[in-house]
2 protein chains.
Amino acid sequence: MTDSRRPAASRTRPVAFRRIRADHQTELAEDYVELIADLLDERGEARGTDIAKRLGVSNATVVKTLRRLQENRLIHQEPYRSVFLTDVGRKMANEGRRRHKIVERLLVALGVKPEIARIDAEGLEHHVSAHTLDAMKRFLKQGVRKT
Amino acid sequence: MTDSRRPAASRTRPVAFRRIRADHQTELAEDYVELIADLLDERGEARGTDIAKRLGVSNATVVKTLRRLQENRLIHQEPYRSVFLTDVGRKMANEGRRRHKIVERLLVALGVKPEIARIDAEGLEHHVSAHTLDAMKRFLKQGVRKT
DNA sequence: TCCAGATTTTAGCATTGGCTAAACTTTTGT
DNA sequence: ACAAAAGTTTAGCCAATGCTAAAATCTGGA
Ligand SMILES: [Mn+2]
Ligand SMILES: [Mn+2]
Ligand SMILES: [Mn+2]
Ligand SMILES: [Mn+2]
């Protein structure tokens, strides 16, 4: 029953699960900076309240998370003022957007309804490795052969 | 700048983010029951230690999580004995496996290396809606047209 | 049988992400 | 100019997921 080409589950699975736990650690930060970048583009400023509204979360929660993002040098903020991205934060936002767009376009290419693609992509994006993202890009570019 | 066919971000984004938070709530439970089902199939019993090993997590963590899964009627266990799935748990495991396989096969079909597909699928599976899963299934079945 | 080593559970702690209600600032309208 | 309204932060709570170290239980030889 053991497939010699496939390494034992006891060895391979922990790798996957560790990756997921790592992904989840950065996931929230990624969504925040991306959202902040969007707000800055759309309206020139990103207030905590706007972030809360878009995330569907309470104001207090946002305040707490922003504090941590500031400690991690992803954003800059002063009391009662709106939020800005540091260079690191902006870079993270741009990478996030890029991934996000590719995943969403891939779903649409597969025949997923645009509204649903938007929603699913928001969760999927954080778990797509660089290699998988490349494969998606290739698929989107060159139509596709496939058996 | 506003696209009339696309609803305002302030209305649509919270939907997506709420979905993600919901997904994350069930994610761990899904991985546990799937893993337990695997162990039961492979070796007839699922010990906490085996689960810990495959998840790459400490024994104590597993004990605590299993207690919660038992409260939620997904598993059954007795002290110092191995773990079994309830009907509900088994059903969840089967659905999980189905989704998991489809996602993994889709990635491979896109040209992702099998080892990487395995890893990425473990995180992606929980964020795929029924509709998207159908699209993936269709794609896998019928080659694909695509522009 | 019985105890030493292996296994499993418990205790206690930390971090993250969420909430509501209260306190504090800032803004606005008269 | 200043009080009411609006907006923001703080305080204090909870649940989930992780950890290590200690206690408890089980088990396989001698
Ligand atoms: Mn995103
Ligand atoms: Mn996201
Ligand atoms: Mn799975
Ligand atoms: Mn999984």
Side-chain angles (χ1 to χ4, degrees), chain A residues 10 13-36 39 43 45-72 74-84 122-123 126-127, chain B residues 10 13-36 39 43 45-72 74-84 122-123 126-127:
Chain A
S10 42
R13 308 311 302 283
V15 175
F17 288 117
R18 272 187 239 273
R19 236 280 303 283
I20 290 176
R21 289 194 296 272
D23 290 346
H24 283 161
Q25 280 239 307
T26 41
E27 180 162 347
L28 197 76
E30 286 173 2
D31 282 337
Y32 267 73
V33 295
E34 204 184 324
L35 203 44
I36 290 165
L39 289 165
R43 48 178 77 170
E45 65 169 356
R47 282 148 62 236
T49 310
D50 302 329
I51 299 171
K53 225 164 272 164
R54 294 229 179 155
L55 288 175
V57 117
S58 84
N59 233 287
T61 297
V62 168
V63 170
K64 199 185 288 188
T65 304
L66 288 178
R67 185 157 30 244
R68 192 153 29 85
L69 296 185
Q70 170 136 267
E71 276 157 20
N72 298 347
L74 291 170
I75 65 163
H76 174 72
Q77 68 178 338
E78 282 173 66
Y80 297 95
R81 294 258 95 79
S82 63
V83 182
F84 298 95
E122 191 60 73
H126 310 277
H127 300 283
Chain B
S10 43
R13 309 312 303 285
V15 175
F17 289 118
R18 272 187 239 273
R19 235 284 301 283
I20 290 175
R21 289 194 295 274
D23 289 347
H24 283 161
Q25 279 239 306
T26 41
E27 180 162 344
L28 196 75
E30 286 172 3
D31 283 337
Y32 266 74
V33 294
E34 203 184 324
L35 202 46
I36 291 165
L39 288 165
R43 48 178 78 171
E45 67 169 354
R47 282 148 63 237
T49 309
D50 302 329
I51 298 171
K53 225 164 271 165
R54 292 228 181 156
L55 288 175
V57 118
S58 84
N59 232 288
T61 297
V62 169
V63 170
K64 200 185 288 188
T65 304
L66 288 178
R67 182 151 38 237
R68 190 155 29 86
L69 296 184
Q70 170 136 269
E71 277 158 20
N72 298 347
L74 291 170
I75 64 162
H76 175 73
Q77 69 179 334
E78 282 174 67
Y80 296 96
R81 294 259 96 80
S82 63
V83 182
F84 297 94
E122 191 59 75
H126 311 278
H127 299 284

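Just so you know, these numbers use all the heavy atoms, side chains as well, and skip hydrogens, waters and symmetry mates. Letters A, B, ... mirror the listed sequences (proteins, then strands); counts begin at 1.
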Item to check | From B/Thr61, B/Asn59, B/Ile36, B/Asp31, residue fulfilling side-chain contact (heavy atoms from CB on, under 4.5 Å) relative to B/Ile51 | outcome: B/Ile36
Checklist entry - How long is the line joining CD of B/Glu78 and P of D/dC26, in whole Å? => result 12 Å
Checklist entry - Can you tell me how far the CD atom of A/Gln77 sits from the CD atom of A/Gln70, to the nearest 0.5 Å? => result 5.0 Å
Next on the checklist: Ring-plane angle category for B/His127 and A/His127, please: parallel below 30°, perpendicular beyond 60°, tilted otherwise.
Outcome noted: parallel
Item to check | Between P of D/dT9 and CZ of A/Arg81, the distance in whole Å | outcome: 10 Å
Checklist entry - Can you find a heavy atom in the side chain of A/Phe17 that is under 4.5 Å from one in the side chain of B/Val57? => result no
Next on the checklist: Rounding to an integer number of Å, can you tell me how far A/Leu66 CG sits from D/dG7 C1'?
Outcome noted: 15 Å
Item to check | Residue pair B/His24 / A/His24: nearest heavy atoms and the distance that separates them | outcome: NE2-NE2, 3.2 Å
Checklist outcome for this item: Between CZ of A/Arg67 and C1' of C/dT15 the distance, given in whole Å, is 15 Å
Checklist entry - Can you find a heavy atom in the side chain of B/Leu74 that is under 4.5 Å from one in the side chain of B/Arg68? => result no
Next on the checklist: In this structure, how many angstroms lie between the C1' atom of C/dT8 and the CD1 atom of B/Ile51, rounded?
Outcome noted: 13 Å
Checklist entry - Given atom OH of B/Tyr80 and atom P of C/dA6, what is their separation to the nearest angstrom? => result 17 Å
Item to check | Separation of atom NE2 in A/His126 from atom P in C/dG17, rounded to whole Å | outcome: 12 Å
Checklist outcome for this item: Per nearest nucleotide of DNA chain D, the residue lying toward the 5' end, A/Pro79 or B/Pro79, is A/Pro79
Checklist entry - Between residues 52-64 of chain B and DNA chain C, which residues have a heavy-atom gap below 4.0 Å? => result B/Asn59, B/Ala60, B/Val63, B/Lys64
Item to check | Donor-acceptor contact below 3.5 Å, side chain A/Arg18 vs main chain B/Gly56 | outcome: yes
Checklist entry - Between B/Asp23 and B/His126, is any side-chain donor less than 3.5 angstrom from a side-chain acceptor? => result no
Next on the checklist: My understanding is that only one of B/Asp50, B/Ile75, B/Leu39 makes a side-chain contact (heavy atoms from CB on, under 4.5 Å) with B/Val83; could you say which?
Outcome noted: B/Ile75
Checklist entry - Hey, can you pull the residues of residues 18-33 of chain A with a non-hydrogen atom under 4.0 angstrom from DNA chain C? => result A/Leu28
